[in-house]
Amino acid sequence: MSFSASGEPIPDATGDRRRGRRIALVILALCVAPTVAAWLAYFVWQPQSRLNYGELIDARAISDPELRRLDGSPFRLSQLRGRWVLLQIDSGACAEDCGKKLLYMRQVRLAQGEDAERIERVWLLADTVLPDAEHLRDHQGLRVARAPGPLLAEFPAARSPYYHIYLLDPLGNLMLRFPGDPDAQRMAKDLARLLRASRVG
């Protein structure tokens, strides 16, 4: 430190500059921190609320064998290309859990409002049991077809394919699976986000 002729200390300009730079860096860090935190939250540590409710499946195209409707006419899943498809697999006997899945698929589709027309519903029958006519009356527009075992084996499941509701994208890829007794509101939100983001279907 230098002194004046009167013996008073002269302020150290270099020290002042260093302190000024430190203060400026602290202010800059405080300003940038929220932006950095938001970036990390979005790209690295996604909050649970931002995750899909449905379980993501590595997008895969499923095979397209000829299926048979209840009246014996041929049907292929590829006929629904260009639409989103909610799909369940179950016995034609359709016990309580099966009926719930049918109801959820119908309600989640209707919850999309004008976009409901972009969604198809499919019930793949895993056996030769004829479904009750009441189930069919209650679910107008539902596509029902008997499916061969090899096709059913292509649907991944922690327990059994009967447990899930699956979602196929407009290109025919299997992409999400939901539990058989889902939170319908969260399921509907997943579907709504996909419909908003999709350029096809």
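Position 1 is the first residue of the sequence; numbering continues from there.
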What ring pair (Phe, Tyr, Trp, His ring centres under 6.0 Å) pairs are there with at least one residue in residues 162-201, not counting sequence neighbours?
Phe155-Tyr166, His164-Tyr166
Indicate, with yes or no, if Trp84 and Leu176 share a hydrophobic cluster defined by side-chain heavy-atom contacts under 4.5 Å among Ile, Leu, Val, Met, Phe, Trp and Tyr.
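Yes; Trp84 is reachable from Leu176 via cluster members.
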Determine whether Leu80 and Leu168 fall in the same hydrophobic cluster, where Ile, Leu, Val, Met, Phe, Trp and Tyr are linked whenever their side-chain heavy atoms lie under 4.5 Å apart.
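Yes, Leu80 connects to Leu168 through the hydrophobic network.
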What residues, two or more places apart in sequence or in another chain, satisfy side-chain contact (heavy atoms from CB on, under 4.5 Å) together with Gln112?
Val108, Asp115, Ile119, Ala188, Leu191, Ala192, Leu195
Sequence neighbours excluded, which residues qualify as salt bridge (Lys or Arg N to Asp or Glu O under 4.0 Å) partners of [X]?
{"X": "Arg81", "result": "none"}
{"X": "Asp169", "result": "none"}
{"X": "Arg106", "result": "none"}

What heavy-atom pair brings [X] and [Y] nearest, and what distance separates the two atoms?
{"X": "Pro148", "Y": "Leu67", "value": "CD-CD2, 3.5 Å"}
{"X": "Arg121", "Y": "Gly141", "value": "NH2-C, 3.6 Å"}
{"X": "Leu77", "Y": "Asp64", "value": "N-OD1, 3.2 Å"}

Atom [atom1] of [X] and atom [atom2] of [Y]: how far apart are they, to the nearest 0.5 Å?
{"X": "Asn173", "Y": "Ile57", "atom1": "CG", "atom2": "CD1", "answer": "11.0 Å"}
{"X": "His135", "Y": "Trp123", "atom1": "NE2", "atom2": "CH2", "answer": "5.5 Å"}
{"X": "Met105", "Y": "Ile165", "atom1": "CE", "atom2": "CD1", "answer": "6.0 Å"}
{"X": "Leu167", "Y": "Leu194", "atom1": "CG", "atom2": "CG", "answer": "6.5 Å"}

Output every pair passing salt bridge (charged side-chain N to carboxylate O under 4.0 Å, His left out) with a member in residues 136-163, not counting sequence neighbours, ordered by first then second residue.
Glu120-Arg143
Within 6.0 Å of CD in Glu66, more than 12 heavy atoms from elsewhere
yes
Working note: Met175 + Glu55, criterion side-chain contact (heavy atoms from CB on, under 4.5 Å); need CA distance, chi angles, decisive distance, verdict.
CA-CA 8 Å; Met175 63 174 302; Glu55 184 179 354; over 6 Å; no
Applying disulfide (SG to SG under 2.5 Å), which residue pairs with at least one partner in residues 158-201 are found, sequence neighbours left out?
none
Disulfide (SG to SG under 2.5 Å) pairs touching residues 148-201, sequence neighbours excluded, are none
Dump the intermediate steps for side-chain contact (heavy atoms from CB on, under 4.5 Å) on Leu125 and Val144, then the final yes or no.
CA-CA 7 Å; Leu125 298 173; Val144 184; 3.7 Å; yes
Using the side chain to side chain donor-acceptor pair (under 3.5 Å) criterion, which residues pair with [X]? Sequence neighbours excluded.
{"X": "Gln185", "answer": "none"}
{"X": "Asp71", "answer": "Ser73"}
{"X": "Arg76", "answer": "none"}

Does any part of the side chain of Leu136, heavy atoms only, come nearer than 4.5 Å to the side chain of Leu70, both counted from C-beta?
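SC-SC contact between Leu70 and Leu136 confirmed.
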Can you list the steps and then say if Leu151 with Leu124 is a side-chain contact (heavy atoms from CB on, under 4.5 Å)?
CA-CA 10 Å; Leu151 173 62; Leu124 293 183; 4.3 Å; yes
Anything under 3.5 Å between a donor and an acceptor, one on a side chain of residues 85-96, the other on a protein residue two or more places apart or in another chain? List them.
{"residue": "Gln88", "atom": "OE1", "partner": "Leu102", "partner atom": "N", "Å": "3.1"}
{"residue": "Asp90", "atom": "OD2", "partner": "Lys101", "partner atom": "NZ", "Å": "2.9"}
{"residue": "Ser91", "atom": "OG", "partner": "Ala93", "partner atom": "N", "Å": "3.0"}
{"residue": "Ser91", "atom": "OG", "partner": "Asp127", "partner atom": "OD2", "Å": "2.6"}

